[in-house]
Amino acid sequence: MDEESFNNNDLMRTDCPVCKGKNTLVITNKTNNIPYFGDMLETSVSCSECGYQSADSIALEHNDPTRFTIQISNKKLNTRVAKSQTATITIPELGLKVEPGSKSQGYVSNVEGILARFEDAVTRALKLDDSSNPEIETNAARILEHIMFIRTGSMETTLILEDPFGNSVIDDEDAVMEILTPEEAEKLETGFINLDQDELV
């Protein structure tokens with residue numbers, strides 16, 4: 001990522017909501033052009049008193065809502081995937097799906113990295129489950145086994161990347177790109193919180 005092309009670098013101070021320190025919270029906003037994602041607003045927050053820190057990135061460009069679909073196997077492990085903070089990644093044959101939440105971050109990885117993230121998520125979920133449900137354990141073992149099959153080339157499956165703001169891409173000549181209909185885009189999660197005007201009254 002190119003860290004040099006900052007268009008804006010705003011800094012402001014305010015009171016810390018954590019420790020209540022007066023003017024100890026520094027908020028920095030930077031606009032940077034990131035490959036694949038375009039212009040991004042990067043916000044960092046830090047308190048000099050209590051050490052509180054937070055960071056977030058928001059895409060400033062909105063393009064046509066898109067869906068990228070590709071068949072993956074061990075031959076596609078190095079295929080580059082750029083996922084924005086508003087994108088959904090799905091491997092339907094394995095029943096795997098990651099939707100954006102309020103803390104979602106964009107990243108650039110590859111198919112191998114996507115599989116590793118799913119693998120870690122399944123492993124963590126299995127460790128957190130204290131019900132000792134045989135069905136859950138069997139399903140988790142099946143998913144982990146299939147991920148291994150994909151890596152070793154004995155299995156091929158579908159990877160789908162959908163983004164209602166069109167800021168994500170699977171960078172491979174075999175990836176099929178489609179423009180989503182307004183109805184399809186409306187069904188996708190964005191990770192943003194929408195407040196109804198009536199609820200604020």
Could you pull out the closest heavy-atom pair between [X] and [Y], with the gap in Å?
X	Y	result
Leu94	His146	CD2-ND1, 3.3 Å
Pro17	Leu25	CD-CD2, 3.8 Å
Leu126	Ala140	CD1-CB, 3.9 Å
Glu93	Thr157	OE1-OG1, 2.9 Å
Ala82	Leu161	O-CD2, 3.8 Å
Pro100	Thr88	CD-OG1, 3.4 Å

Within this structure, what is the [atom1]-[atom2] distance for the pair [X] and [Y], rounded to the nearest 0.5 Å?
X	Y	atom1	atom2	result
Thr158	Glu156	OG1	CD	7.5 Å
Leu188	Leu180	CG	CG	6.0 Å
Thr43	Ile27	OG1	CD1	8.5 Å

(request) Taking salt bridge (charged side-chain N to carboxylate O under 4.0 Å, His left out) as the test, write out the residues that go with Lys20, two or more places apart. (result)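 Partners of Lys20 under the salt bridge (charged side-chain N to carboxylate O under 4.0 Å, His left out) test: none.
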(request) With Arg151 as reference, evaluate Leu115, Asn74, Ile72 under the side-chain contact (heavy atoms from CB on, under 4.5 Å) test and give the passing residue. (result)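 Exactly one option meets the side-chain contact (heavy atoms from CB on, under 4.5 Å) with Arg151, and it is Leu115.
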Hey, is [X] close enough to [Y] for a salt bridge, meaning N to O under 4.0 Å?
X	Y	value
Lys76	Asp174	yes
Glu184	Arg67	yes
Arg117	Glu119	no

(message) Just checking Glu49: does its CD atom have more than 12 heavy atoms from other residues, nucleotides or ligands closer to it than 6.0 angstrom?
(response)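 12 or below, so no.
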(request) Answer yes or no: are there more than 12 heavy-atom neighbours, outside Glu135 itself, under 6.0 Å from its atom CD? (result)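 12 or below, so no.
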State plainly whether one hydrophobic cluster holds both [X] and [Y], where clusters connect Ile, Leu, Val, Met, Phe, Trp and Tyr through side-chain heavy atoms under 4.5 angstrom apart.
X	Y	value
Leu11	Tyr52	no
Val176	Ile170	no
Phe118	Ile160	no

With heavy-atom distances below 4.5 Å as the criterion, would you say the side chains of [X] and [Y] are in contact?
X	Y	answer
Arg80	Asp172	no
Asp163	Pro65	no
Ile179	Thr66	yes
Val122	Leu96	yes
Ile89	Leu159	yes
Ser54	Ser44	no

(message) Is it the case that the side chain of Thr90 and the backbone of Pro92 share a donor-acceptor pair, with hydrogens and angles ignored and the cut-off at 3.5 Å?
(response)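 No, Thr90 side chain to Pro92 backbone: no donor-acceptor pair under 3.5 Å.
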